[in-house]
Amino acid sequence: AGVSVTNKFKIPISINHFYFNAQGDSEIPEDLANPIVLNGFILRTGLYKYFGNGNAIQVLIAPRLMSDFKNLDGNSFQLGAMFSYEKTFHEDLAMSFGAMYNQELFGPYLVPIVDLHWQVSDRWRIDGMLPITARVAYKVNENMSAGFNHFGLITSYYLGEDAYAGDYMERQSIDLSLFLRQRIAGKFLVEGMVGRTFGRSYKQFAGDQKVNFAIPLVTFGDDRTVKNATFKDGMILTLKLVVSLPYPAWE
């Protein structure tokens with residue numbers, strides 16, 4: 001969603017919530033998280049400026065609340081930002097190029113991004129903020145769509161449980177799913193997804209274990225010691241309510 005300030009400026013606003021629950025063996029020691037229950041809230045807002053001729057820039061701040069919600073305090077807050085340059089090639093294709101930065105609990109993390117919005121045909125559409133998200137959707141009818149969804153993002157969560165307070169959990173996974181989205185009333189839709197994880201891990205580290213710098217697939221100065229065992233890949237099921245709010249059009 002977004003707020004139109006003038007015919008050249010907008011304030012985009014988005015809020016995302018992530019919830020993960022992973023069960024480990026009953027023999028896991030008490031100083032390790034089990035089960036792993038993590039919540040993440042990411043707010044993105046800032047400025048979107050349109051220059052005309054299909055050119056625009058977007059500068060966003062992106063604070064996060066990432067925690068197991070045990071003894072919640074300021075350690076669960078993270079700060080991030082995103083910058084991108086957008087080019088609309090024609091009414092059916094727009095792309096943005098930029099980067100997303102976040103001060104993760106393990107250290108600074110930078111992700112180059114390519115944002116794609118492509119109405120391939122009347123029924124097929126591709127959207128994504130690569131390499132984090134990608135979605136290929138087929139419009140079945142006015143109220144239903146189906147397709148393929150990709151999600152892959154490294155995130156970190158502060159652990160506040162007394163037995164291991166001060167530790168953090170680093171989650172890595174590539175989630176590939178098939179989805180079905182159905183409109184139930186007006187702007188409200190329900191979406192179900194079924195798929196599988198690839199390269200999934202929930203790694204627990206002491207709070208003082210950091211890296212110098214990280215980008216996707218590469219970390220620099222990583223001498224950390226993992227406290228727990230690697231989790232296996234598995235099936236994923238998701239059911240969510242979606243509120244579709246129109247983005248204000250340029251005047």
Side-chain angles (χ1 to χ4, degrees), residues 15-42 62-80 102-109 111 131-133 149-179 191-240:
I15 300 176
N16 298 102
H17 173 234
F18 303 103
Y19 172 81
F20 303 105
N21 187 320
Q23 300 284 337
D25 297 332
S26 58
E27 297 82 12
I28 291 178
E30 292 185 357
D31 61 342
L32 299 179
N34 182 43
I36 298 172
V37 180
L38 305 175
N39 278 275
F41 292 88
I42 302 178
R64 301 182 181 189
L65 176 63
M66 313 291 278
S67 174
D68 61 357
F69 276 28
K70 302 291 186 180
N71 301 315
L72 191 65
D73 61 23
N75 291 301
S76 300
F77 288 93
Q78 304 171 16
L79 291 176
N102 195 64
Q103 185 60 43
E104 298 284 348
L105 294 171
F106 56 77
Y109 183 49
V111 182
I132 300 171
T133 64
N149 191 82
H150 154 84
F151 176 78
L153 179 65
I154 297 176
T155 46
S156 56
Y157 303 80
Y158 183 77
L159 303 179
E161 184 68 44
D162 291 339
Y164 40 82
D167 287 4
Y168 67 88
M169 189 72 64
E170 177 186 299
R171 181 186 187 273
Q172 297 188 39
S173 181
I174 296 175
D175 301 339
L176 303 180
S177 305
L178 298 176
F179 75 88
E191 179 176 294
M193 293 194 295
V194 58
R196 184 173 176 80
T197 65
F198 294 88
R200 179 175 62 175
S201 67
Y202 291 86
K203 297 179 180 179
Q204 184 172 338
F205 297 97
D208 59 356
Q209 297 272 290
K210 309 286 186 180
V211 305
N212 294 334
F213 183 72
I215 58 177
L217 303 179
V218 181
T219 56
F220 300 91
D222 188 357
D223 297 320
R224 297 175 296 170
T225 300
V226 182
K227 287 188 171 185
N228 58 352
T230 302
F231 278 74
K232 296 180 180 179
D233 290 321
M235 298 295 293
I236 49 175
L237 298 171
T238 304
L239 181 65
K240 61 184 178 181

How many angstroms lie between [atom1] in [X] and [atom2] in [Y], if you round to the nearest 0.5 Å?
X	Y	atom1	atom2	result
Glu30	Asp162	CD	CG	11.5 Å
Tyr109	Thr155	OH	OG1	9.0 Å
Leu159	Asn71	CG	CG	11.0 Å
Ile28	Lys227	CD1	NZ	14.0 Å
Asn149	Ile236	CG	CD1	8.5 Å
Asp167	Gln209	CG	CD	9.5 Å

Show the nearest heavy-atom pair for residues [X] and [Y], with the distance to one decimal.
X	Y	value
Ile154	Glu104	O-OE2, 3.7 Å
Gly221	Asn212	CA-ND2, 3.5 Å
Leu239	Gly192	CD1-CA, 4.2 Å
Ala62	Asn102	O-OD1, 4.2 Å
Gln103	Pro108	NE2-N, 3.7 Å
Ser156	Gln78	O-NE2, 2.8 Å

Looking at [X] and [Y], would you say the former's side chain and the latter's main chain have a donor-acceptor pair under 3.5 Å?
X	Y	answer
Asp68	Gly160	yes
Gln172	Gly199	no
Ser76	Ser67	no
Asp31	Ala163	no
Tyr157	Val37	no

- Task: State which residues pass salt bridge (charged side-chain N to carboxylate O under 4.0 Å, His left out) with Glu191; sequence neighbours excluded, sorted by chain then number.
- Result: Arg135, Arg181, Lys240

- Message: Checking Gln204 against Asn228 for the side-chain hydrogen bond (donor to acceptor under 3.5 Å, both in side chains) test, could you report, in this order, the C-alpha distance in whole Å, the side-chain angles of both residues, the deciding distance, and whether it holds?
- Response: CA-CA 6 Å; Gln204 184 172 338; Asn228 58 352; 4.7 Å; no

- Taking the inter-plane angle between the rings of Phe18 and Phe20 on a 0 to 90° scale, is it parallel (under 30°), tilted (30 to 60°) or perpendicular (over 60°)? parallel

- Message: So Arg171 and Ile36, do their side chains get closer than 4.5 Å, heavy atoms only?
- Response: no

- What salt bridge (charged side-chain N to carboxylate O under 4.0 Å, His left out) pairs are there with at least one residue in residues 199-225, not counting sequence neighbours? Glu170-Arg224, Asp222-Arg224

- Which of Phe205, Tyr158, Tyr202 passes ring pair (Phe, Tyr, Trp, His ring centres under 6.0 Å) with Tyr168? It is Phe205

